[in-house]
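Below is one structure, written out as structure tokens; the observations come after it.
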Amino acid sequence: MQNDSPAMNSAYIDVILNVPLNQTFTYKIPEGTQNIENPFGLRVEVKFGNRKTSGFVAAVHKTLPQKCAVSEEKIRTAIRYIDQIPLLTKELLELAEFMSGYYIASIGECVFAMIPSGKRETEIPGLSFSEDESGFKRKDLSEEQKNAVNGILSSTEKFHYLYGTTGSGKTEVFLSAAEKIMESGKGVIYLVPEIGLTPQVVKAVQKRFGSTVAVLHSALTPSQRLGEWKRILSREARIVVGARSAVFAPVPQLGLIIIDEEHDSSYKSGSSPRYHARQIAMLRCKKNSIPLVMGSATPSVESWHSMQNGTIIRHTLTKRLAGGEKPQISCVNLSLEADKESCISKPLQNEIQTALSEKKQTILFLNRRGFTHFFRCSSCGYELKCKNCSVSMTYHKSENRLRCHYCGYSLPPPQQCPKCGSLDIGYSGFGTEYIEAEVKAKFPNAKVVRIDTDSLHHKGELQEKLDSFRKGEYDILLGTQMVAKGLNFPNLKLAGIVLADTALHLPDFRAQEKTFALITQVAGRAGRFFPGGKVIVQSYSPDRDAINYAVKGLTEEFYKNELEARQILNFPPYSRLLRLVFRSQKPDAAQNAAQSAYNILCKCRPQGVDILGPAECPLEMVNGSHRHQILMRAKQIRPLQEMAKKLVWGFKPPKDVYIETDTDPVSLL
């Protein structure tokens, strides 16, 4: 994609389109635009096949480029340029070319994943906050914090990690480092994992940096995102806050990237290109020779390993700065509880009562939606699963229906077992609705609010409910993982994890890591602003490493054991993975395609590459598609990528089969 030196008489442009073909397309420049010297990076409207679409100008040529596969008379004329200023920068184009090769996606998919597709700019609606104002005033840094800021900014090393317990002041270190970078005239990108967390970080950043802040996240319309994108390009905004895709922000003179809660799996994209924001941030920081600072109380196992071997420099914060102390954590073995039907154990019930009597608040966390978990026959063991996806249906009491959480299929609950006809049927497990009913029954005078994706119906409702809880309008907050991390509630005394085992039963090598992080993060919510905070963890398997070490606060021991297990099993960080998923609406098509692909891969397999599979995905069906997978493993990623490219770009799959490529997968479900 080299430019000829652009001149007044440039006649041809290479255009990147959002299509799964890994190439650019040559067009004649739009009529009457000969006076535009260099249209590189502008959006352009073109005719592609029989439809109008828009793309980005990737190169400009005076004469027909030699690589063009069609003759001059067949070259179409582009319709018009859409923009006055280019939205695609040289740096982002180079990044897209890297992503295309690394994540095995077309150049168009990569560019369009980066840049907003709005038709025109619109105003950003005012973000509503009622966070404690004092939380965002500039604070005097502790010695640990000062050492961390100086260590990050004065080091010749580029990759840094701020490791510290929840409430130890990581945000203040991030903001102080950002301030110093901006004083030197450079820009900053500040990433947070999920949109639910963004408002309070945005508030902190806006308090500190005012109108120089731009916000990029999925809740904005494409046109609003486009408006923010242009503010960044024009240097009106010099610090960008946002979720995963904000890592692509076209910040001129970028000086620092911050990744808050680095361990969070939402930094990995679930659709093509399946990029990881951490990898993109590392690449941008390396190319621009600027620092990257990541932070978490529960680093990913890969990052912990990199800190141990010195690839990432570790800065540790040990003190809780808001006046609170580490909460007291205890574990309840549910197998020993007398009332097997109850989801609130006696110790947890007593602690909730104590918190209520002291006018303090409680969070109850469950990593599952729905009223009860799944339909089960006590006579023959039959479990009712979704007809489209191989997952158990979840019972929702409010609508008296069983619902699938992958494709949305629902049906009324059966009166008898569909397999053996027995009337001895029931529901195993419990979801947030079930807990809500029990909590309201046991604590009739408590004000209870539930937050999960089923209970949020309109835009801004998440923030409204969190603000109400923060103001003390509710006593007990029930929720799924969106309440587990990053949120600070000054009056919160008790955090209860209703069932800590949920993630442990998933067929995924990261199950222990995710469970440990979850317990530690939820525990971090309690007693941040006063002593005496308590955490109750309920579990059927309290002796499992992830639960045992998290409850005892043995972080170093957990990572040591987990790394030893990964080394024995040859899983990351001791190997690299590339996952190929074959999906089709036809039952045999996905399986046959996976088998054919396996045969092709075996023929081009270099030494040192393992091919695992083909096998059914743990979730064999999702949204009506049957899924099979192949997992490739090696010490280095490159041979895996080369094999995948030969397969994906060198062979055409059957027309009813789609292949998903996932480099460095985070989930194997």
Within a strict 4.5 Å, meaning less than it, do heavy atoms of the Gln308 and Leu563 side chains meet? yes

What I want to find out is whether Arg284 reaches Glu91 closely enough, with some N-O distance under 4.0 Å, to be called a salt bridge. yes

Which residue is it: Glu109, Gln641, Gln279? I am looking for the one with a side chain to side chain donor-acceptor pair (under 3.5 Å) to Tyr103. Gln279

Looking only at heavy atoms, which two atoms of Leu254 and Ile290 are closest? And how far apart? O-CG2, 3.4 Å

Give me the atom names and distance for the closest heavy-atom approach of Pro639 to Val609. CB-CG2, 4.2 Å

Under the side chain to side chain contact (heavy atoms under 4.5 Å, CB included) test against Gln538, which residue among Leu348, Leu364, Leu499, Leu366 passes? Leu348

Test side chain to side chain donor-acceptor pair (under 3.5 Å) applied to Asp664 and His276, Arg576, Lys268, the passing residue: Arg576

For the student: nearest non-hydrogen atoms of Thr663 and Tyr102, plus distance: OG1-O, 3.0 Å

If you look at every heavy atom in Pro614 and Ala594, which pair is closest and at what distance? CB-CB, 3.7 Å

Using a strict threshold of under 4.0 Å (side-chain N to carboxylate O), is an ion pair present between Glu562 and Arg510? no

A side-chain contact here means heavy atoms from C-beta on lying under 4.5 Å apart; do Asp501 and Ile547 qualify? yes

So is Arg633 actually on top of Phe571's ring, under 6.0 Å and inside 45° of the axis? yes

Does atom NZ (Lys645) have a neighbourhood of more than 12 heavy atoms from anything else shown, all under 6.0 Å? yes

Contacts of Thr311 meeting side chain to side chain donor-acceptor pair (under 3.5 Å) (sequence neighbours excluded), chain-then-number -> Asn309

State, yes or no, whether a side-chain contact exists between Tyr190 and Asp260 at a heavy-atom distance under 4.5 Å. yes

For residues Ser625 and Asn623, determine if any side-chain heavy atom of one lies less than 4.5 Å from a side-chain heavy atom of the other. no

Does the side chain of Ser303 come under 3.5 Å of the side chain of Glu262 through a donor N or O and an acceptor N or O? yes

Will you find, in the side chains of Ser296 and His263, an N or O donor that is under 3.5 Å from an N or O acceptor? yes

Which atoms form the tightest heavy-atom contact between Tyr409 and Lys387, and what is the distance? CE1-CE, 3.5 Å

Centroid separation Phe582 to Tyr598 less than 6.0 Å: no

Between Tyr559 and Trp304, how do the two ring planes meet: parallel, tilted or perpendicular, split at 30° and 60°? parallel

Hey, are the side chains of Tyr658 and Pro653 touching, using non-hydrogen atoms and a 4.5 Å cut-off? no

Quick one: closest heavy-atom pair of Thr165 and Thr318, and the distance? CG2-O, 4.1 Å

Gln629 side-chain N/O to Val581 backbone N/O, donor-acceptor pair under 3.5 Å: no

Can you tell me how far the CD1 atom of Ile519 sits from the CD atom of Gln521, to the nearest 0.5 Å? 11.5 Å

Side chain proximity check, Val332 to Glu337, heavy atoms < 4.5 angstrom: yes

Under 3.5 Å, is there a donor-acceptor pair linking the side chains of Asn22 and Ser100? yes

Is the ring pair Phe516/Phe558 parallel, tilted or perpendicular, if the boundaries are 30 and 60 degrees? parallel

Could you check whether atom CD of Gln328 has more than 12 heavy atoms from other residues, nucleotides or ligands sitting under 6.0 Å from it? no

Can Glu564 and Lys560 be counted as an ion pair, charged N to O under 4.0 angstrom? yes

Donor-acceptor under 3.5 Å (Ser330 side chain, Ile536 main chain): no

Inspect the surroundings of CD in Gln595 and state if more than 12 heavy atoms from other residues, nucleotides or ligands are less than 6.0 Å away. yes

Report yes if some heavy atom in the side chain of Ser271 is under 4.5 Å from a heavy atom in the side chain of Glu660; otherwise report no. no

Between Asn599 and Lys603, is there a side-chain donor-acceptor contact under 3.5 Å, judged purely by atom types and distance? no

Are Pro327 and Lys534 packed together at the side-chain level, in the sense that at least one heavy-atom pair is separated by less than 4.5 angstrom? no

